Amino acid sequence: MRFGRIVPAVFAPMASLGVNIDHIANVRQARRTVEPDPVRFALLAELGGADGITVHLREDRRHIQDRDVELLRATLRTRLNLEMAATAEMEAIALRIRPDMVTLVPERREEVTTEGGLDVAGQGEGIRTLVGRLEGAGIGVSLFVDPDGRQLEACRTCGARWVELHTGAYAEAAWEDQPLQLARITEATTNARAMGLRVNAGHGLTYHNVEPIAAIEGMEELNIGHTIVARALAVGLEEAVRQMRALVQNPRRDPLFGDRQP
Ligand code: PXP
């Protein structure tokens, strides 16, 4: 019997896509009514290929409500990532609802969206205790931080298993500064992994700027919300998720520099 040449498989691990549905809840809360229901739309996002659903339960409940988180926990077929501030109220909710992951984020009432990363280096002990309690209850914890070596080192000493790198500075950079911001995120990813941390990223990513971030070696998951919900108005949520997932899973390595220019 002849055997064909055995070619070792080359696995290029692909980043997965977490879909943040806060902005669907924003439309509902604009009228304090019952539609659109983010829970129903989460199920459509899953049909479109979302690998997980992310919601931010804010202290002021401006978009996602407690009932949403409870129903998502009961109905999702993928993973639930609960973004929350490091407060006693949120800790109690997380321990009761038991999301698959908690992402700790900074929160300020007056901000339009999460502005900077968490200052883990500055608030070390409190974060460390909370991470320990959540992890002890079997909930994976990710810390949302700027791509900064000092913060990464603090995340490691806090015992978190994941970091989510803040991509806001990259997303907002002028075109000529984007390569520098991309390099910061790439370097932070490499450094975090060398410390034994797993790496996600998000904030401000769009259909136009996501590919270089998705192509970073070692990047595990991108959490993306606003741009997907915006496109969903034109093409429907399922299709908007499908389109984003295609970019995340098969990114051009360097579209900033036009490696696939026609
Ligand atoms: N990741 C984190 C930690 C966030 O706070 C947000 C915004 O809620 C996102 C990702 C998604 O950001 P965007 O809506 O800009 O895609």
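In what follows, every heavy atom counts, from backbone to side chain, and hydrogens, waters and symmetry copies are set aside. What you see is a predicted model; the values in this text were computed from it and never measured. Each ligand, and each atom within it, is numbered from 1 in the order the structure gives.
- With 3.5 Å as the limit, one finds a donor-acceptor pair spanning the side chains of T54 and N81.
- In terms of hydrophobic clustering, with Ile, Leu, Val, Met, Phe, Trp and Tyr side chains grouped at heavy-atom distances under 4.5 Å, L197 and W162 are assigned to different clusters.
- Of the candidates H166, H63, E83, H226, the one placing a heavy atom closest to atom 4 (C) of ligand 1 is E83.
- Ligand-side atoms of ligand 1 in range of V105: 3 (C), range being under 4.0 angstrom from any heavy atom.
- In this structure, T227 has no heavy atom closer than 4.0 Å to ligand 1.
- Using modelled atom types and a 3.5 Å distance limit, the side chains of T103 and E83 yield no donor-acceptor pair.
- At least one heavy atom of N20 sits less than 4.0 Å from an atom of ligand 1.
- Scanning A171, G204, G168 for the heavy atom closest to atom 15 (O) of ligand 1 points to G204.
- The aromatic rings of H226 and H23 lie perpendicular to each other, with more than 60° between the two planes, well past the 30° mark.
- No side-chain donor-acceptor contact under 3.5 Å links R62 and Q29.
- Residue-to-ligand polar distances keep N223 apart from ligand 1: every N/O pair is separated by 3.5 Å or more.
- Side-chain contact, H56 with E107: a donor N or O sits under 3.5 Å from an acceptor N or O.
- Not one N or O of F144 is nearer than 3.5 Å to an N or O of ligand 1, by distance alone.
- Between H56 and ligand 1 there is no heavy-atom distance shorter than 4.0 Å.
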